[in-house]
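In what follows, every chain begins at residue 1, and chains take the letters A, B, ... in the order their sequences are listed.
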Amino acid sequence: MKSAVIVFPAANCDRDAQTALTQMTGKAPHMVWHQDSELPDVDLVVLPGGFSYGDYLRCGAMANQSNIMGAIKTHADKGGAVLGICNGFQVLTEAGLLPGALMRNAGLKFLCKPVALTVEETQSSFTRKYDKGQEIHIPIAHGEGNYYADENTLDRLEGEGRVVFRYRDNPNGSARDIAGILNEKRNVLGLMPHPERVVDDALGGIDGRGIFQSLIEALS
Amino acid sequence: MKARVFITLKNGVLDPQGKAIGHALNGLGFGSVGEVRQGKVIDLELSGSDAEAAKADIKAMCEKLLANTVIEKYEIELK
Amino acid sequence: MKARVFITLKNGVLDPQGKAIGHALNGLGFGSVGEVRQGKVIDLELSGSDAEAAKADIKAMCEKLLANTVIEKYEIELK
Amino acid sequence: MTKITPELVKEHGLSDSEYAKILGLMGREPSFVELGIFSVMWSEHCSYKSTRFHLKKLPTKAPWVIQGPGENAGVIDIGDGDACIFKMESHNHPSFIEPYQGAATGVGGIMRDVFTMGARPIAMMNALRFGEPSHPKTRHLVNGVVHGIGGYGNCMGVPTVGGEVNFHRSYNGNILVNAMCVGLARQDKIFLSAAKGAGNPVVYVGSKTGRDGIHGATMASAEFDDASEEKRPTVQVGDPFTEKLLLEACLELMATDAIIAIQDMGAAGLTSSSAEMGDKGGSGIELDLDKVPQREANMTAYEMMLSESQERMLAVLKPGREAEAEAIFRKWELDFAVIGITTDTSRLVVKHQGKTVADMPITALSDEAPVYERPFAERKPKAGDVAYDTSKPVLASLKTILASPDMASRRWVWEQYDHTVMADTVQVPGGDAAVVRVHGTKKGLAITTDVTPRYCRPDPFEGGKQAVAEAYRNITAVGALPLAVTDNLNYGNPQKPEIMWEIVAGIEGIGAACRALDFPVIGGNCSLYNETNGEGILPTPAIGGVGLMADVSKMATVAFKRSDDVVIVIGKTSGGSGGGHLGQSIYLREIESREEGGAPPVDLGLEKKHGDFVRGLIEQGRVDTVHDVSDGGLLVALAEMAMPRGIGASVGLAGLPDAIPFWFGEDQGRYVIAAPFAEAETIMAEARAATIAVAELGRTGGDALSLDDKSSVKIAALKDGFENWFPAFMSGEEIPVTN
Ligand SMILES: Nc1ncnc2c1ncn2[C@@H]1O[C@H](COP(=O)(O)OP(=O)(O)O)[C@@H](O)[C@H]1O
Ligand SMILES: [Mg+2]
């Protein structure tokens with residue numbers, strides 16, 4: 001599987017994504033500067049976590065104006081896989097590649113802790129290696145992860161099996177405990193928890209590996 | 001020219017920050033305070049003097065960047 | 001009664017958000033945009049109908065909670 | 001021209017004799033700009049005039065020390081060509097005025113100190129002291145400071161992995177916010193601040209200069225105070241986004257060989273950075289202020305030289321490399337300007353609008369800065385033991401202690417910090433020391449901050465020793481070898497002889513411990529004049545320690561991990577009268593509401609011996625469960641080991657005469673370990689053979705902590721109080737309005 005990680009100014013989990021991808025795929029991803037207008041030939045594009053543009057104005061809003069976003073949209077339109085983690089998820093909603101928006105945590109505080117998730121959907125290239133209903137533990141680290149969408153959109157997401165991860169103990173007020181969703185074509189996933197931080201036993205867990213293993217199986 | 005843009009959450013979108021402020025104000029003894037909503041205000045300096053053109057420009061800025069119209073609405077005020 | 005409170009950074013205080021927004025707007029081709037400053041707007045619903053009393057109340061709220069008067073200033077608007 | 005009056009001199013914080021010295025050094029009356037420059041360079045903050053003489057007593061050398069005090073941060077060798085660079089610094093006064101921005105800019109400042117030396121920051125710590133919880137400002141300050149540290153550190157993508165939080169009434173009007181940054185570099189890529197050579201371009205990078213943080217008093221008095229404007233705040237606003245860009249841009253430039261010297265603009269901004277770089281390089285510097293990127297119109301030379309705008313750096317480049325450097329900074333959308341040149345005159349020359357506004361010998365600002373050996377009044381440390389009420393039930397007291405402000409879990413704090421970003425945090429907050437892996441290796445750096453201020457008031461010398469010893473112990477308890485420390489000496493007014501004594505004795509205590517433990521001081525910071533209503537804060541010499549472990553898979557943690565492990569205490573619990581040291585203990589304060597007695601003495605020889613023994617067990621992979629015994633004593637340590645996984649223990653000691661001092665005394669040099677039976681037997685035999693005091697306390701297991709006398713308490717009940725105090729306390733806070 002060939003992959004790329006987009007480097008936005010202050011999207012500070014780019015190296016974490018790079019490390020995890022290198023470890024999991026055995027191949028270093030391309031690191032793509034946000035001002036570039038073309039993507040290298042890859043199967044997967046990762047929008048990493050962090051605070052692109054300091055999260056000023058709105059999380060993800062300014063990153064969405066980057067040159068590279070056009071190429072990412074084209075890649076997604078052609079069915080290429082896109083994974084948005086945390087800030088990356090926020091960018092994808094700003095870009096309209098995923099529905100809804102991520103608002104300030106209901107408790108108004110940034111929260112960094114491991115959370116328990118239920119894998120709701122295994123019919124996707126991101127989650128096929130998990131079991132449906134499986135409980136996994138992945139850390140969150142965000143101040144604005146409170147997923148919002150209108151009721152119709154939420155119903156649609158549920159009806160189409162696009163709610164992929166749900167919090168077992170909702171930490172941020174997200175509608176219907178949603179932690180991660182797919183787009184209609186199921187090739188774009190956004191999630192608030194950080195799977196790239198749990199692919200290594202030394203870091204207290206390996207539950208994030210499933211996403212990368214699923215992608216490797218689906219895309220190589 | 002100067003302009004002010006207000007960006008507030010759409011009605012019906014829950015505003016936890018506003019709620020917390022309302023709660024805190026009540027707690028401080030300001031019992032008369034009912035609903036509270038928080039939004040952003042963006043003050044812009046603009047070159048040029050055509051008000052209509054400026055308004056159109058600002059509208060475009062809001063749609064493109066300043067507001068997320070999934071959850072927010074905006075108002076523009078020229079000064 | 002409804003009131004709107006504007007809370008903005010005092011002149012001369014660095015506004016990183018405003019700066020970044022201005023930069024982004026220029027980058028999007030809105031070349032006419034000069035300085036940008038970002039602030040907060042807080043909309044309040046108030047019971048009671050005495051405008052003067054409300055104003056005094058809101059002033060107290062700003063001093064106590066809403067504004068950080070070390071770096072911010074506020075304006076009150078009754079509607 | 002502004003006339004230099006005696007009032008103006010006084011407002012600049014310069015004494016008559018200092019001003020007389022300035023006249024002598026200059027050979028003429030200084031200009032207003034020069035006066036401003038002297039005032040900041042000769043301030044306590046920049047010149048260390050009250051402490052410099054005593055700081056020389058600290059040990060600063062070891063074979064693994066690459067750079068000791070004197071640079072922006074200290075550097076140690078951690079093997080394989082890697083270097084660890086770290087430093088701690090205070091932002092006390094600004095954080096009291098504006099807790100969010102004060103703490104945030106404190107974090108930003110210490111990060112710049114570290115990355116200006118070529119290191120990528122990999123971990124942050126923060127040592128915080130607040131007033132008593134019931135004080136009306138405390139909650140607001142806690143909330144603002146924690147929020148500010150998180151706001152800046154999280155955005156930078158550097159994990160905040162630990163720290164300390166204490167509450168005491170002596171900080172009611174003067175909180176302490178000390179932030180520490182640890183970074184990583186290659187040994188052959190370390191950058192220093194000596195601007196060697198003449199004719200080299202001096203470049204300014206980062207944010208624009210505004211009128212931030214210019215000293216309030218001088219602002220108000222000077223003619224520049226435009227009455228029509230709001231009174232200018234003296235606090236600065238941090239911009240972590242720009243700092244992140246600055247970090248990346250600096251590291252990118254550092255990968256080339258274009259830089260001769262580089263230094264962040266911290267306190268006293270352009271003034272101190274240019275003077276210090278010139279001083280260290282033995283060269284002169286000429287600045288043209290018209291070239292300085294400015295945020296506001298009509299800034300004066302005085303304002304530009306004294307501005308403390310954040311997120312700025314000054315660098316000296318090799319001639320001809322400007323364009324290459326500029327391209328990097330432009331790519332990161334930062335300001336870049338060549339604002340001066342190095343000279344061979346050893347003078348700082350400042351030009352503005354075609355005029356020379358300052359022209360002074362740089363040594364006048366550095367070598368010639370005043371140094372004082374201030375008088376001090378020695379107090380006899382309190383000695384002897386304290387009386388206590390023998391009737392108090394032990395486990396009820398334990399419950400109270402675990403739910404007390406100084407002892408309750410700090411989860412509420414550290415969950416607001418991203419402590420796992422960079423994906424190398426192998427020991428998260430909540431243990432003895434945080435551990436971050438050296439990226440791409442098995443090596444780990446153990447980091448801790450420690451000081452017990454309540455020991456430092458009755459006995460500043462023992463208190464200084466204890467701070468170092470506790471840092472040593474915390475690092476040892478995870479299995480790392482303590483290598484070096486940075487200090488942050490927070491004290492009251494040094495012009496009061498009784499406070500000066502606290503400073504002198506504190507430094508001597510730190511020095512003694514660092515020497516005995518092979519734990520040199522490689523950097524630090526002094527924050528003096530911390531007072532509440534004219535009374536000094538508790539002396540608070542915070543110690544930030546760093547240690548190294550070869551293999552993080554062997555790391556120990558505090559949590560009991562299995563049932564039927566043998567629980568062993570290493571080190572003696574003897575106190576004054578043979579039962580345990582209760583003087584100045586948490587027990588005495590929380591249960592009997594008394595802050596009395598002497599500080600527990602630290603036997604540095606035993607610290608080292610016990611530390612080496614425990615570390616050896618961890619390194620050999622024989623023990624994975626270790627906790628040092630500190631605040632609250634032995635029973636509190638046991639509870640802290642039981643709570644993480646809800647595994648209890650039955651503990652006791654045969655023939656215990658005095659249960660309360662035994663369980664709650666704060667004797668130093670102790671560790672609790674838990675190991676399977678067979679291992680435990682050999683460990684105890686080895687300890688005895690080495691004449692190390694060791695005792696078997698009992699076995700792990702069950703869901704309660706049970707004592708010999710059959711009393712017991714459920715771990716879940718202990719945990720409830722322990723976890724709930726902080727959130728319950730903070731839930732009374734009005735949420736501050738943020739964007
Ligand atoms: N301000 C803080 N920020 C992050 N972590 C903190 C803070 N204060 C305390 N902690 C963490 O809580 C744990 C307990 O702190 P403390 O009681 O001071 O430990 P010790 O007694 O071992 O020095 C440590 O892991 C420490 O790093
Ligand atoms: Mg400890």
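Under 4.0 Å is where a charged nitrogen must lie from a carboxylate oxygen, and between C:Arg4 and B:Glu75 at least one such pair does.
For the pairing with C:Met61, the side-chain contact (heavy atoms from CB on, under 4.5 Å) check across B:Val33, B:Val36, B:Leu28 returns one residue only, B:Val33.
Heavy-atom minimum distance, B:Asp57 versus C:Phe30: O-CE2, 3.7 Å.
Interface check for chain B: of the options C:Leu46, C:Asp43, C:Val5, C:Leu44, the most heavy-atom pairs under 4.5 Å are formed by C:Asp43.
Both the backbone and the side chain of C:Ala60 come within less than 4.5 Å of a heavy atom in chain B. Neither the backbone nor the side chain of B:Ile58 comes within less than 4.5 Å of any heavy atom of chain C.
Distance check, rounded to the nearest 0.5 Å: CD of B:Gln38 to CD1 of C:Ile42 gives 5.0 Å. Remark: B:Ile21 CD1 to C:Lys40 NZ distance equals 8.5 Å, nearest 0.5 Å. To the nearest 0.5 angstrom, B:Ser32 atom OG is 11.5 Å from C:Glu45 atom CD.
More than 12 heavy atoms of other residues, nucleotides or ligands lie within 6.0 Å of NZ in B:Lys73, so this atom counts as buried by the packing criterion. Counting non-hydrogen atoms of other residues, nucleotides and ligands closer than 6.0 Å to NZ of B:Lys10 gives a total above 12.
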